[in-house]
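Read the structure below first, then the notes.
Reckoned from all heavy atoms, side chains included, excluding hydrogens, waters and symmetry mates. Keep in mind that what you see is a predicted model, and the values were worked out from it rather than measured.
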Amino acid sequence: MDEGSTGMRLDDLAQRSGVASTTIRLYQTRGLLPGPALVGRTGYYDDGHLVRLRLISRLQEDGFSLSGIARLLESWEQGLDLADVVGVEEQLDALLRRRHEVVLTPAELAARLPADAVSPDMLQRASALGVIAPTDDGRFRIPDQRFLDIGSALADLGIPSDVILDEWDALVATTDGIADRFIGLFEQYLLPSDWRRELDADRARELARTLARLHQLAAQVLTTALDSSISKLGSQRIGELFPEHD
C-alpha cells in the first residue's frame, strides 16, 4: 500500500464497522484480525478488515466464543479466499435475518428513550450489558434496534429503566444458556466431523444455511414455550386477583 492508496486508519475502521477501536486492538491481540499495513508509522486497514469485523460480530451474536471464532477463521483461511469469506458473510446476513443496527447521536438517543434511561450511570450500565456501545466519535451504536423499541414500550407502560435493564440482564443469562444448548446440538449433530479438512466455499455456505435453519427453529421453540408459560402463569395470577364468588 502506497501513500496514495485508499486505506482506512483505525478510527475510520471503527466508525465504518461500528466496533470500538479498543475492541479492534483486542481482536488483533487475540489473532482474530490481521494487523494494518504500515506506511511509515501509520497503519492502514482495507475492506478485508471490515469484512472480518462484520463476520466476527455476527458469529459472536450467534453464540460463538472468541476462541471458537479464531478456530473457524483459521480453517476458512486455509481454503477460502476473501471473495468466499464475503459470500459466507452475506449468506449469514441474509439467512439469519440480522437485527437492524443503528448508530445515534446523544440527542437522537435521548429522543428515543425516557429521561432516566440516558443518565451517565444508566448508559454505563447499558454499555456493560452490551445493548449500547459508545463510538469513538461520541455517538452510540445499538446492535439491535429492537432493544430501543421494546425498551421504550416497556417504559411507556410504567416500568422503570433500571428494572428493564435488570430484566434484560437476567434474561440474557437464561438465553445464553439456551443458545449454548442449541449451538451444542449444531456442533454434535449437524457439523460434519471432516469439516476442517474439506471446508470450501460451498461447504461453508451449506453450514451457514444449516445454522440459519437451526436458528429459526430455536426461535420458534422459544416463542412457543414462552407463549405457553405466559398464558398459564398469567391465567393463574389473574385468577388469584379476581377469584370466583359463590
Side-chain angles (χ1 to χ4, degrees), residues 16-19 23 27 30 32-33 47-103 129-131 133 141-150 168 171-229:
R16 288 188 59 184
S17 66
V19 178
T23 302
Y27 290 162
R30 297 289 295 272
L32 294 169
L33 189 72
D47 287 341
H49 292 92
L50 188 60
V51 167
R52 175 67 65 91
L53 285 174
R54 288 173 176 167
L55 186 56
I56 291 171
S57 296
R58 281 162 172 76
L59 291 171
Q60 275 191 296
E61 291 168 0
D62 289 314
F64 286 87
S65 64
L66 289 183
S67 58
I69 293 172
R71 291 192 298 270
L72 182 61
L73 293 176
E74 180 183 357
S75 298
W76 278 352
E77 286 175 343
Q78 293 175 2
L80 302 181
D81 59 22
L82 178 59
D84 293 327
V85 174
V86 172
V88 173
E89 193 267 350
E90 291 174 346
Q91 187 95 36
L92 284 169
D93 185 53
L95 291 175
L96 296 181
R97 297 181 303 166
R98 276 298 116 211
R99 51 199 64 81
H100 296 291
E101 176 184 295
V102 292
V103 179
L129 291 175
V131 297
R141 180 176 67 89
I142 294 85
D144 191 338
Q145 182 175 330
R146 290 174 298 182
F147 179 81
L148 279 178
D149 297 337
I150 297 171
W168 174 264
L171 286 172
V172 166
T174 299
T175 55
D176 279 350
I178 295 172
D180 185 63
R181 294 181 68 89
F182 277 101
I183 294 299
L185 293 175
F186 175 77
E187 293 174 341
Q188 183 173 358
Y189 296 106
L190 305 178
L191 190 65
S193 58
D194 61 350
W195 73 276
R196 290 180 181 275
R197 180 169 54 85
E198 298 185 5
L199 186 68
D200 56 19
D202 289 337
R203 175 66 68 88
R205 293 189 181 93
E206 179 184 346
L207 292 178
R209 286 192 292 269
T210 301
L211 180 60
R213 181 57 177 157
L214 181 64
H215 177 248
Q216 293 168 353
L217 293 173
Q220 292 173 14
V221 169
L222 288 176
T223 299
T224 301
L226 183 61
D227 285 347
S228 176
S229 296

**Nearest heavy-atom neighbours spanning G130 and P143** = O-CG, 3.7 Å
**Message:** I need the minimum non-hydrogen distance between L32 and R52, along with the two atoms involved.
**Reply:** O-NH1, 2.7 Å
Mind checking the [atom1]-[atom2] spacing from [X] to [Y]? Nearest 0.5 Å is all I need.
| X | Y | atom1 | atom2 | result |
| --- | --- | --- | --- | --- |
| L190 | T210 | CG | OG1 | 6.5 Å |
| L171 | I178 | CG | CD1 | 9.5 Å |
| Q216 | L211 | CD | CG | 10.0 Å |
| I183 | L191 | CD1 | CG | 10.5 Å |
| D47 | R54 | CG | CZ | 8.5 Å |
| L214 | L207 | CG | CG | 12.0 Å |

Would you indicate whether the side-chain heavy atoms of [Y] and [X] approach each other to under 4.5 Å?
| X | Y | value |
| --- | --- | --- |
| V19 | Y27 | yes |
| V172 | L129 | no |
| L217 | Q220 | yes |
| I142 | V131 | no |

**Fill in**
Taken in chain and number order and not counting sequence neighbours, the residues that satisfy side-chain hydrogen bond (donor to acceptor under 3.5 Å, both in side chains) with D176 are none
**Request:** Identify which one of L53, V51, I56 satisfies the side-chain contact (heavy atoms from CB on, under 4.5 Å) criterion when paired with S17.
**Result:** L53
**Request:** Could you tell me whether a side-chain N or O of S229 sits under 3.5 Å from a main-chain N or O of A225, the two making a donor and an acceptor?
**Result:** yes
